[in-house]
Structures are given as C-alpha cells and as structure tokens.
Amino acid sequence: MAYGRENAETIALQVLAWLVGNEDLLPTFMGASGVGMDDLRERAADADFLGSVLDFVLMEDAWVTGFCDAQSLPYGAVRDARQALPGGQQIHWT
C-alpha cells in the first residue's frame with residue numbers, strides 16, 4: 001500500500017511514540033541516533049527525522065512486527081510509510 005506524506009508522518013509519529021514507550025529499545029535508538037529527550041520533542045515534526053525513526057525500526061524485523069502488532073497494522077506499513085518520506089524513494093537500477 002502506498003501512503004501519502006501525511007499518512008506516512010502519522011505512522012512515523014506512532015512509531016516514535018512506541019519507541020518512547022519501550023524502555024528497552026528507546027536507549028538503543030537514542031544511542032544510535034545521538035538524540036536526547038529534548039530532541040525527540042523538538043524534531044517530531046521534522047519529516048527527515050521521522051524518516052530516520054522509520055529507518056531505525058526497519059533494521060530489525062522483530063521491531064517492525066512488534067510495532068505493527070501493537071498498532072494492528074500490516075507488517076509492510078512501516079516500509080510503505082518510509083517510502084513516502086524524504087529519502088525513502090526506492091532506487092531503480094534500470
């Protein structure tokens with residue numbers, strides 16, 4: 001399913017909220033991204049940052065399925081949302 005940018009940002013914000021509520025995974029995200037709690041609040045409206053949130057979750061299938069199960073979304077939702085945000089377009093090697 002293809003998402004428009006607004007829907008993609010909504011899913012990314014849901015992922016961010018899911019990360020914030022996950023006390024085991026949040027420190028991993030913060031360490032990998034170099035952001036602090038203030039940054040999370042300040043950058044939540046930044047489409048580039050939201051893309052990086054989705055990139056992080058897409059690194060591990062268990063994180064994708066954990067989020068999607070919690071939100072009752074199909075497992076492809078995070079990938080599809082990522083494609084609608086800056087930097088998420090697939091490269092076509094033709």
Side-chain angles (χ1 to χ4, degrees):
M1 164 185 260
Y3 290 106
R5 185 167 171 152
E6 187 174 316
N7 288 340
E9 287 179 0
T10 298
I11 289 174
L13 286 168
Q14 291 172 332
V15 170
L16 183 58
W18 178 77
L19 282 172
V20 168
N22 186 323
E23 61 187 46
D24 293 328
L25 189 53
L26 181 61
T28 304
F29 172 70
M30 292 175 71
S33 64
V35 299
M37 288 304 289
D38 289 338
D39 298 317
L40 294 178
R41 285 185 279 279
E42 290 173 16
R43 299 191 63 202
D46 177 0
D48 290 323
F49 176 69
L50 293 175
S52 71
V53 169
L54 297 181
D55 285 339
F56 174 79
V57 170
L58 285 166
M59 292 189 328
E60 179 63 49
D61 288 345
W63 301 342
V64 172
T65 58
F67 165 74
C68 289
D69 287 346
Q71 295 296 317
S72 299
L73 291 171
Y75 294 144
V78 177
R79 177 203 62 225
D80 293 345
R82 180 61 186 108
Q83 291 175 353
L85 294 175
Q89 300 75 18
Q90 289 186 341
I91 297 172
H92 298 280
W93 299 99
T94 59

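We use all heavy atoms of the structure for the numbers below, so side chains are in, but hydrogens, waters and symmetry mates are not.
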So, for A12 and L54, which heavy atoms are closest and what is the spacing to 0.1 Å? CA-CD2, 3.8 Å
Closest heavy-atom pair, L26 versus L19, reported as atoms and distance to 0.1 Å, is CB-O, 3.3 Å
Would you give the length of the straight line joining atom CG of L50 to atom CZ of R5, rounded to the nearest 0.5 angstrom? 9.0 Å
Regarding Y75 and D69, is there a side-chain donor-to-acceptor distance under 3.5 Å anywhere? yes
What class does the angle between the rings of W63 and F56 fall in, given that below 30° is parallel, 30 to 60° is tilted and above 60° is perpendicular? parallel
Test your reading of the model: is there a side-chain donor-acceptor pair from T10 to the backbone of E6, 3.5 Å cut-off? yes
Donor-acceptor contact present, side-chain R79 to main-chain L58, <3.5 Å: no
Within 6.0 angstrom of D48 CG, more than 12 heavy atoms from elsewhere: yes
Smallest separation among heavy atoms of A81 and A8, with atom names: O-CB, 3.3 Å
Between atom CG of L73 and atom OG1 of T65, what is the distance when rounded to the nearest 0.5 Å? 12.5 Å
Does G36 offer a backbone N or O that forms a donor-acceptor pair with the side chain of D39 under 3.5 Å? yes
Could you grab the distance from atom CD1 of I11 to atom CZ of R82, nearest 0.5 Å is fine? 13.0 Å
Closest non-hydrogen atom pair, P27 against N22: CD-O, 4.4 Å
d(F67 CZ, E60 CD) to nearest 0.5 Å is 16.0 Å
F29 and S52 have their tightest heavy-atom pair at CE1-O, 4.5 Å
Treating R43 as the side-chain partner and A47 as the backbone partner, does any N or O pair qualify as donor plus acceptor under 3.5 Å? no
